[in-house]
Amino acid sequence: MSPRRHSVTVTEPVGTDPLWCEEYGYGLGRIEGILVLKYRSAAVLEFGESRQDFLHQLYWSPDGMLSARYGARTQFVGHREAFWVHRAVTHEVRAADRQTVYRICLRETPPALAGLRAGAVSMGPEAARLIEAIARPSCDEAEALAARARIMAGLGPTTADFVGHHANGTGFALTVARALSHDPAEEAGLAEWAERLHVSVKTLQRDFEREFGMPYSKVRTKLRLSTSRVLLETRPVAEVAHRVGYSSPSAFITAFTREYGCTPGRYAEREYDSGG
């Protein structure tokens, strides 16, 4: 069976519809098959509350944050993770403007995710690279199915629950960043995180510089601001400021304007005018 490749382009997005969507399917109908839907958003892109009874799904964005809801819980997922949903589980996912989002459909559960109904999962660098590689017209089916097996092996449970237990080896900064991406309003400072992870403040700060090329405070600010973009189209500025961890709307407005060159209110109006 030859791979299915289909591209649909929408010149003017309507509401939360994507600017365009591409489809890449390999081995469809077989247990080892994979379907990749690649979206590009102009305004906020929303996958409304839904349930897929036949396929497991994985949502991943390489260039922005995703807001994912399962039951009463909302998580914010960054580019080093994806949001996993087992078949027959109701969920909702949102992306900010000008993001690429991959929606990967599988019939088989990755071994490391057995028993997980829905939630953020680790996305290894190779798995991320291979997802982008098979979502291209030049990839043939044999290569794509081989890549699928490596993608499945590159997925794992998130380390968010690891915080608070003794840490072994490296990756302290990544552990903190993942926890912050899930809850950007987390107030813990660097010293408190170091205590939770049973490492020194200097060790944790060095790990942030090595992993992200910037200190903890700047990583936290960038995570908070990128998360705010997902929320601004449907939430007032004061509420968004609180949701992402700012003590006052004015502090949030100052930080947002410094990062993006316009106020949160103007940003929300611009996105409404362009895509709403």
Is a side-chain N or O of [X] found less than 3.5 angstrom from the main chain of [Y], in a donor-acceptor match?
X: E141; Y: G27; value: yes
X: Q205; Y: Y216; value: yes
X: R224; Y: Y246; value: no
X: E46; Y: G48; value: no
X: R69; Y: G71; value: yes
X: S41; Y: Q99; value: yes
X: E186; Y: A188; value: yes
X: S61; Y: T100; value: yes
X: T257; Y: T254; value: no
X: W60; Y: F83; value: no

SB check R136 E22 (cutoff 4.0 Å) = no
Any side-chain heavy-atom pair of [X] and [Y] under 4.5 Å:
X: V219; Y: V176; result: no
X: I134; Y: Y24; result: no
X: F256; Y: R229; result: yes
X: E23; Y: L37; result: yes
X: L232; Y: P264; result: yes
X: T221; Y: K218; result: no
X: T109; Y: R87; result: no

At their closest point, which heavy atom of [X] faces which heavy atom of [Y], and how far apart are they?
X: L116; Y: H86; answer: O-CB, 3.8 Å
X: A118; Y: V89; answer: CB-CG1, 4.2 Å
X: A177; Y: F212; answer: CB-CZ, 3.5 Å
X: A241; Y: S248; answer: CB-O, 4.2 Å
X: A95; Y: L66; answer: CB-CD2, 3.7 Å
X: V36; Y: A135; answer: CG1-CB, 4.1 Å

Same cluster or not: are L55 and V121 linked, directly or through other Ile, Leu, Val, Met, Phe, Trp or Tyr residues, by side-chain heavy atoms under 4.5 angstrom apart?
->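 No, separate clusters.
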Honestly curious: do V199 and L190 fall in one hydrophobic cluster under the side-chain, below-4.5 Å linking rule?
->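 Hydrophobic grouping puts V199 with L190.
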Decide if atom CD of E195 counts as having more than 12 heavy atoms of other residues, nucleotides or ligands within a radius under 6.0 Å.
->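 Atom CD in E195 is not crowded, with 12 or fewer foreign heavy atoms closer than 6.0 Å.
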Assess the side chains of R148 and Y26: does a donor N or O sit below 3.5 Å from an acceptor N or O?
-> no
Kindly determine whether T263 and V237 satisfy side-chain contact (heavy atoms from CB on, under 4.5 Å), including the steps that lead there.
-> CA-CA 10 Å; T263 65; V237 170; over 6 Å; no
What's the separation between atom [atom1] in [X] and atom [atom2] in [Y], rounded to the nearest 0.5 Å?
X: H242; Y: F252; atom1: NE2; atom2: CZ; result: 13.0 Å
X: R107; Y: E32; atom1: CZ; atom2: CD; result: 9.0 Å
X: I34; Y: L106; atom1: CD1; atom2: CG; result: 5.0 Å
X: I104; Y: K38; atom1: CD1; atom2: NZ; result: 11.5 Å
X: S50; Y: E92; atom1: OG; atom2: CD; result: 8.5 Å
X: D183; Y: R243; atom1: CG; atom2: CZ; result: 9.5 Å

Pair Q52-V85, side-chain contact (heavy atoms from CB on, under 4.5 Å): steps then yes or no = CA-CA 9 Å; Q52 170 56 255; V85 186; over 6 Å; no
Between R103 and Y39, is NZ or CZ placed under 6.0 angstrom from the six-membered ring centre and within 45° of the ring axis?
->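 Pair R103/Y39 does not count as cation-pi.
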Please report the C-alpha distance between E132 and Y102 in whole Å, then the side-chain angles of each, then the deciding distance to 0.1 Å, and finally whether the side-chain contact (heavy atoms from CB on, under 4.5 Å) criterion is met.
-> CA-CA 9 Å; E132 294 179 318; Y102 293 85; 3.5 Å; yes
What do the steps show when you test M152 against L113 for side-chain contact (heavy atoms from CB on, under 4.5 Å), and what is the final call?
-> CA-CA 9 Å; M152 299 270 280; L113 306 184; over 6 Å; no
